[in-house]
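Labels below follow one simple rule: chain letters A, B, ... track the order of the sequence lines, proteins then strands, and each chain is numbered from 1. Bear in mind that the values here come from a model prediction, so they are computed numbers and not experimental data.
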Amino acid sequence: MDNNPEQNRKNTEQPQIPLEELIRNRRRKLADLREKNINPYPYKFDRTHMIGEARNNYADLSSKETVIRLAGRIMLKRKMGKAIFTDIHDMTGKIQVYVKLDNVGKEIFKLYDKKIDLGDIIGVEGVLFTTKTGEMTVMVAKFEILCKSLHPLPDKHSGLVDKEQRYRRRYVDLIVNPEVRETFIQRGKIIHSIREFLRNRGFLEVETPILQPIYGGAAAKPFKTHHNALDLELFLRIADELYLKRLIVGGFDKVWEFCKDFRNEGMDRLHNPEFSMVELYWAYADYKDIMALFQDMMRKVVFDLHGKYKIEYEGMEIDFEPDFKEISMVDAVKIETGIDFLQLDFDAAGEKAKEFEIDSEELINWGKVVEKFFEEKVEPKLVQPTFIKDFPLDISPLAKVHRENPRLTERFECYIGGLETGNAFSELNDPDDQRARFESQVKAREKGDEEAHQLDEDYVTALMYGMPPTGGLGFGIDRLIMILTNSHSIRDVILFPQMRPEKDE
RNA sequence: GGGGGUGUAGCUCAGUGGUAGAGCAUCUGCCUUUUAAGCAGAGGGUCGAUGGUUCGAUCCCAUCCACCCUCACCA
């Protein structure tokens with residue numbers, strides 16, 4: 001190695017791939033800093049303000065010439081002879097910092113000019129002022145390098161566009177694409193609102209097993225895993241339902257969980273193999289009470305986030321202010337198709353399916369036919385918040401029989417913007433009925449329905465001890481966040497969506 | 001799984017059957033209130049991978065890989 005790196009920057013080594021050359025430049029600066037006894041990775045920096053705070057208190061801070069200390073990542077750097085303007089960002093915003101030769105001296109100025117790159121993280125100390133062009137700025141008296149960045153950032157104004165790279169390297173996406181940061185800040189606010197709402201209603205937040213020997217509470221294929229010490233096959237949960245209802249049996253009258261669930265199925269813009277749900281159970285309530293609760297919760301969440309009840313999602317205006325529409329599944333189908341399925345038995349329903357050329361392979365009972373018609377003919381039209389209620393018994397193995405019609409259950413789903421966002425029932429608490437439902441699920445499984453429930457003997461036992469009448473609700477957080485942040489894909493609201501690993505070499 | 005699309009410099013993108021170009025970024029100068037700063041110069045590429053056609057392929061063809069959209073599947 002030569003002792004004058006400045007002049008031997010080029011032509012010395014064999015050609016390298018370009019990225020390596022960029023990294024090599026930065027490594028050289030790193031080494032130069034160390035040579036000057038400057039630690040490029042120091043331990044801490046005491047900030048007096050977040051950048052956003054300093055901006056909000058500009059009048060006071062600048063008039064008193066208060067010395068402030070801010071830190072952040074360098075996103076833009078503009079050199080003007082013996083003055084350098086730099087934009088630094090933290091979580092709360094960005095601010096311009098001004099390093100002037102006369103203020104910091106020749107040596108420091110040169111260090112800042114030559115050794116500090118875009119992407120580096122620095123701390124500055126100085127006072128706030130406004131430049132001629134009206135930009136709020138920190139006049140830097142001192143600065144510290146807090147982290148030398150070795151990998152160059154993407155283009156300073158195009159940002160990172162390639163979706164694959166954005167998902168794979170979300171940290172880069174977050175650095176350069178402010179709207180991504182905003183989406184996840186909103187995600188945090190939404191979850192906070194939900195938690196606040198449920199706490200105010202007296203619900204206890206609990207945690208239940210993710211690793212389950214018998215999975216249940218939904219119709220889905222699970223991920224399997226194995227516990228070595230117990231030599232036991234375990235499943236990652238597909239839902240929390242059966243454990244939370246055991247807690248209702250145990251006397252916790254209002255419980256809820258913020259849960260990650262896992263389903264081993266296809267992936268698309270609405271499905272990620274791991275996703276977030278909220279499930280809640282409320283003793284002595286029925287599905288009507290849950291409907292009211294859900295509507296109140298949605299309104300609060302929307303208003304907390306946007307300060308109003310009307311939002312736009314994918315070009316649709318959705319209004320949360322009026323009472324949500326409410327209609328039974330069979331009535332909704334009747335309105336769209338003219339068919340009154342309540343008047344039809346399974347065979348007659350099957351005939352209708354053929355007539356409408358609706359795929360009939362999976363239509364193994366009356367309920368499935370009704371559901372299929374609903375999905376095909378009704379679901380896409382449900383833009384405004386709508387409760388679809390009174391689902392067929394055949395497709396609702398955990399819901400209580402409808403008090404007025406034995407073919408139906410007391411169950412609803414809420415649709416917003418064409419997406420299913422919630423599923424709730426008056427919970428089935430008759431242990432004998434529950435056992436019978438499980439048994440028919442097992443038969444369906446034997447017929448090849450891979451998503452049918454397993455028989456959870458212990459759950460039936462729990463019901464034998466007695467579960468009070470209970471209303472329960474589960475709703476997908478990711479889809480709700482998609483709607484509230486106007487995001488097209490679930491991958492835009494999950495920080496690290498599942499990706500196929502990149503091949504090495 | 002079917003159909004459609006994309007893959008060229010670190011990033012964003014042009015482009016051609018004769019082995020490639022811009023802007024930003026990088027490097028070297030100049031510039032003390034700039035702001036996508038500016039000006040002058042320089043370096044940087046296995047054109048996703050592998051085969052084939054061709055005198056010659058980044059371009060045409062086939063296969064593969066990754067991603068996106070869409071359909072199917074999917075509480």
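One N or O donor and one acceptor, one from the side chain of A:D155 and one from the base of B:G23, sit under 3.5 Å apart. A:E21 contributes no side-chain N or O that forms a donor-acceptor pair with the base of B:U26 under 3.5 Å. Side-chain to base pairing of A:T133 with B:U33: no donor and acceptor N or O lie closer than 3.5 Å to each other. Counting distance only, with no hydrogens placed and no angle test, the side-chain atoms of A:N25 and the base atoms of B:U26 include no donor-acceptor pair under 3.5 Å.
Rounded to the nearest Å, the gap between the P atom of B:G3 and that of B:A72 is 15 Å. Of the C1' atoms belonging to B:C24 and B:C60, the separation is 33 Å, rounded to the nearest Å.
Looking at A:I51 and A:H89, their side chains never come closer than 4.5 Å, going by heavy atoms from C-beta outward.
A:K132 comes within 4.0 angstrom of a nucleotide base, judged by non-hydrogen atoms across all strands. Counting any heavy atom pair closer than 4.0 Å across all strands shown, A:E379 reaches no nucleic acid atom. Nucleic acid contact class of A:G217 (heavy atoms, under 4.0 Å, all strands): base. A:F275 comes within 4.0 angstrom of no nucleic acid atom, judged by non-hydrogen atoms across all strands. A:R263 comes within contact range of the sugar-phosphate backbone alone, with a heavy-atom separation under 4.0 Å but no base atom that close. Residue-level contact check: A:G159 touches the backbone only, with heavy atoms under 4.0 Å from sugar-phosphate atoms and none from bases. If you check every strand for non-hydrogen atoms under 4.0 Å, A:L76 touches sugar and phosphate atoms only.
Ion pair A:D173/A:R169 not flagged as a salt bridge, since none of the NZ, NE, NH1 or NH2 atoms sits closer than 4.0 Å to an Asp/Glu carboxylate oxygen. A salt bridge links A:D117 to A:K148: one of the charged nitrogens lies within less than 4.0 Å of a carboxylate oxygen. With respect to A:D102 and A:K82, no salt bridge is recorded, no charged nitrogen being found less than 4.0 Å from a carboxylate O. Ion pair A:R237/A:E257 flagged as a salt bridge, since at least one NZ, NE, NH1 or NH2 atom sits closer than 4.0 Å to an Asp/Glu carboxylate oxygen. A:D456 has a carboxylate O that lies under 4.0 Å from a charged side-chain N of A:R246, or vice versa, which qualifies the two as a salt bridge.
Separating the CG atom of A:D492 from the P atom of B:C68 is a distance of 10 Å, rounded to the nearest angstrom. A straight line from CG of A:L118 to C1' of B:A37 spans 14 Å, rounded to a whole angstrom. In this structure, A:L153 places its CG atom 10 Å from C1' of B:G10, rounding to the nearest Å. Summarising the geometry, the separation between CG on A:L270 and C1' on B:U70 is reported as 13 Å, rounded to the nearest angstrom. Between the P atom of B:A9 and the CG atom of A:L160 lies a distance of 14 Å, rounded to the nearest Å.
Look at A:R78 and you won't find any side-chain N or O under 4.0 angstrom from OP1 or OP2 of B:U35.
The strand RNA chain B forms stems, runs of 3 or more Watson-Crick or G-U wobble pairs with distances below 3.5 Å, at B:1-7 with B:65-71, B:10-13 with B:21-24, B:26-30 with B:38-42, B:48-52 with B:60-64.
When the nearest nucleotides of RNA chain B are assigned to A:Q96 and A:M499 by heavy-atom distance, the more 5′-ward of the two goes with A:Q96.
Aromatic pair A:F374/A:Y415: centroids less than 6.0 angstrom apart.
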